[in-house]
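Pasting a structure here, questions to come.
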Amino acid sequence: MGPYFNSRDKHYKDPFGAVPCGAEVRFALADDTYYGCELLVLREFAGTEDTCALPPAEGGFAGTYTAPAGGELCWYCFRLTDVDGRCVWYGKNGVQDAPEKAARWQLTVYEPSPAPDWFGRGVTYQIFPDRFRRVSMPDVSHMPGHRWLHRGWNEQPVFLPDEHGQITNRDFFGGSLQGITEKLDYLAGLGVTTLYLNPIFEAASNHRYDTGDYRAIDPLLGTEADFRALCTAAHQRGMRVILDGVFNHTGSNSRYFNAEGYYPEPGAAQSQNSEYYNWYSFHPWPSDYDAWWGVKTLPAVNEAQPAYRDFIFGDQDSVVRHWLRCGADGWRLDVVDELPDAFLARLRARIRQVKPDALLIGEVWEDASNKIAYDCRRRYFTDRQLDSVMNYPWQKAILRYVRGEDDGTGLGVSIRTIAENYPPDVLQTVMNILSTHDTPRAINAILDPRDGDRAELARRHFTAEQLAEGKKRLKMAAFLQFMLPGMPCICLLYTSPSP
């Protein structure tokens, strides 16, 4: 019959999926044609390969492999020998005549360090603070960023480029922390146990991913006292609060870069003597500098700079420590793929020192267990740099399925792959999403064959019949979102009446 192995069947591999460091893993191969069998395990980070003989067993071969003592990403296949001593290699793509041709299975070996037990229970509710609830019409003339405020809550946001071809995101609707606090009972009634807030720190844009001051709440949202009050009220209702950590870049109009001179002290763009100058990489100063994906309003920081690391997580009153002490329960890291391994490891250690049950979750759009970013294999789970991640692979697979583009085969593959590659505690705490601030609304993505392309949707109006069908399919998607392992994260707007 030839060799046969199924990595997802405990008869052939036990235990299923990822294993903790030093675990005993039993492998079995069904075969009646070969004389000998060896398990070959390539340890990617160590750069070595283990060889484990699998003795003959009923119906083939079986034996035990001891996983490495430290976190590791392993890739394995089998070497088979016939009675004449000739070798072939057996992998996911069948029998091959050379080892490099055999497609290997993945084995994630992780350091046991589970996420806090409060995350993964109930529902996470993502809030884009400017668009959740407005309680007053404040004066924004004194606030950073040349911003202006929509009077009508239901007016269309400005998303097209201006006359200079720039998308400034300077229009605001005025949602506030007080508005969130006022609706906590409403959220509790939905079964919400975790609030995930998009950036709340002072910034020039409505999305606030261009941080202006990490130590200040954006004045349109309120004050530090308002944030403390929100956390206290949430905790009284059994809810936790996660903040968005944007630590790969700042805003060009920030206290640290200060391109437009809004802040009184000199920033890196104004003086090479600025205390923040070494945070950035200029070539040459001041007109050219590294920026996130080349977007000049988002100058990239050098996370290897000791002064920057101390500011973010090292000092006693560093950014992450300060806001945890104010009541935050954890951080979601924006563009975590662009944060170095050492930065992540130290950051997680620091937040656990301040609050032992603090959460650290990362924005990763692919399979985070084997992600390669900037030619570097990431160690999010093998070294336990993160507690969990946002689950974009399942989001994409679910939407394809409910649109009718997949008969369920692709969805099944995606579900089984993530389940097999992620540590069990990570799998139970992945943030299951259908839409976020970075994607079209789920119903638009369901109705539009281009996955809800924003530019197209701005010109398109769906009929009542289309919307009704979209809602049916959205319910199917939500069923999968809530029933699969992980924590469902819903992303909705609370339509606040304009004051």
Side-chain angles (χ1 to χ4, degrees), residues 120-133 153-154 156-157 159 173 175 183 186-198 332 363-366 389-419 427 429-496:
R121 302 178 183 181
V123 176
T124 295
Y125 194 105
Q126 179 183 351
I127 293 178
F128 191 83
D130 184 58
R131 292 295 280 132
F132 183 74
R133 178 168 172 80
W153 184 258
N154 295 319
Q156 187 177 45
F159 62 92
F173 284 84
K183 301 308 298 183
Y186 159 76
L187 294 169
L190 298 177
V192 172
T193 55
T194 303
L195 301 179
Y196 156 41
L197 307 182
N198 289 117
R332 174 264 190 191
E363 176 200 9
V364 182
W365 286 63
E366 300 82 13
V389 290
M390 303 177 75
N391 198 354
Y392 279 101
W394 284 3
Q395 179 236 16
K396 296 173 184 176
I398 289 172
L399 293 179
R400 284 194 294 266
Y401 174 67
V402 299
R403 281 199 301 261
E405 299 169 1
D406 168 34
D407 64 359
T409 302
L411 176 63
V413 169
S414 180
I415 291 173
R416 289 191 294 268
T417 298
I418 294 299
L427 182 66
T429 55
V430 286
M431 185 182 282
N432 287 337
I433 51 180
L434 294 180
S435 57
T436 71
H437 59 290
D438 283 324
T439 70
R441 292 290 176 186
I443 192 168
N444 291 340
I446 289 169
L447 289 170
D448 190 273
R450 287 167 296 281
D451 216 16
D453 178 78
R454 289 174 176 157
E456 176 64 24
L457 287 170
R459 298 186 292 268
R460 179 175 177 179
H461 298 281
F462 298 113
T463 66
E465 292 77 11
Q466 287 174 319
L467 288 172
E469 179 63 24
K471 289 179 181 178
K472 291 180 182 179
R473 294 174 184 262
L474 181 58
K475 289 180 181 179
M476 185 192 308
F479 173 81
L480 291 167
Q481 177 192 23
F482 275 71
M483 296 305 294
L484 287 169
M487 189 169 189
C489 177
I490 55 179
C491 178
L492 303 172
L493 296 178
Y494 183 81
T495 304
S496 168

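Since this is a predicted model, take the numbers as computed values, not measurements. Hydrogens, waters and symmetry mates are skipped; everything else that's a heavy atom, side chains included, is used. Residue indices begin at 1 and follow the sequence shown.
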Run Glu366 and Val364 through side-chain contact (heavy atoms from CB on, under 4.5 Å) and show every step you take.
CA-CA 6 Å; Glu366 300 82 13; Val364 182; 4.3 Å; yes

Are the side chains of Met431 and Pro488 in touch, meaning some heavy atoms are under 4.5 Å apart?
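The answer is no, as the side chains (C-beta and beyond) never meet within the 4.5 Å cut-off.
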
I want to check something: taking the side chain as every heavy atom from C-beta on, are Met487 and Thr193 in contact at a cut-off of under 4.5 Å?
yes

So, for Ile433 and Gln481, which heavy atoms are closest and what is the spacing to 0.1 Å?
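The pair with the smallest heavy-atom distance is CA-NE2, 3.8 Å.
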
Scanning both residues in full, the closest heavy-atom pair of Arg473 with Val402 reads NH1-O, 2.6 Å

Got a second to check how far Ile446's CD1 is from Ile398's CD1, nearest 0.5 Å?
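Going from the CD1 atom of Ile446 to the CD1 atom of Ile398 covers 10.0 Å.
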
Donor-acceptor contact present, side-chain Asn444 to main-chain Leu447, <3.5 Å
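Between the backbone of Leu447 and the side chain of Asn444 there is no qualifying donor-acceptor contact (under 3.5 Å).
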
Side-chain contact, heavy-atom cut-off 4.5 Å: Ile490 with Thr124?
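Side chain of Ile490 against side chain of Thr124, heavy atoms only: no contact under 4.5 Å found.
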
Parallel, tilted or perpendicular: which one describes the rings of His437 and Tyr196, with boundaries at 30° and 60°?
perpendicular

Cys489 versus Gln126, closest heavy-atom pair with distance
SG-CB, 4.0 Å

Locate the shortest heavy-atom distance separating Trp394 from Ile415; write the atom from each residue and the value.
NE1-CA, 3.2 Å

Looking only at the side chains, is there a donor atom on one of Thr436 and Asp438 sitting less than 3.5 Å from an acceptor on the other?
no

Please report the C-alpha distance between Tyr401 and Leu480 in whole Å, then the side-chain angles of each, then the deciding distance to 0.1 Å, and finally whether the side-chain contact (heavy atoms from CB on, under 4.5 Å) criterion is met.
CA-CA 10 Å; Tyr401 174 67; Leu480 291 167; 4.0 Å; yes

Derivation of the side-chain contact (heavy atoms from CB on, under 4.5 Å) call for Met390 and Trp365:
CA-CA 7 Å; Met390 303 177 75; Trp365 286 63; over 6 Å; no

Taking all heavy atoms of Phe462 and all of Gln466, pick out the closest pair and write down the distance.
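Answer, listing the atom of Phe462 first, then Gln466: CA-OE1, 3.3 Å.
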
If you define the side chain from C-beta out and look only at heavy atoms, does anything of Lys471 sit under 4.5 Å from Ile443?
yes

Check whether Phe173 forms a cation-pi arrangement with Arg131 (NZ or CZ under 6.0 Å from the six-membered ring centre, at most 45° off the ring normal).
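Relative to the ring axis of Phe173, which defines the angle, Arg131 lies inside both limits.
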
Could you go step by step and tell me if Leu434 and Thr439 meet the side-chain contact (heavy atoms from CB on, under 4.5 Å) rule?
CA-CA 9 Å; Leu434 294 180; Thr439 70; over 6 Å; no

CZ (Phe479) with more than 12 external heavy atoms under 6.0 Å:
no

Can you confirm whether Lys475 sits close enough to Lys472 that some side-chain heavy atom of one is under 4.5 Å from a side-chain heavy atom of the other?
no

Where Pro393 and Ser414 come nearest, the two heavy atoms and their spacing
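Closest heavy-atom pair between Pro393 and Ser414: O-OG, 3.5 Å.
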
Determine whether Val123 and Leu190 make a side-chain contact, defined as any pair of heavy atoms from C-beta on separated by less than 4.5 Å.
no

Could you work out, with side chain to side chain donor-acceptor pair (under 3.5 Å) as the rule, every residue matching Asn432, not counting sequence neighbours?
Asn391

Taking the side chain as every heavy atom from C-beta outward, state whether Pro129 and Asn198 have any atom pair closer than 4.5 Å.
yes

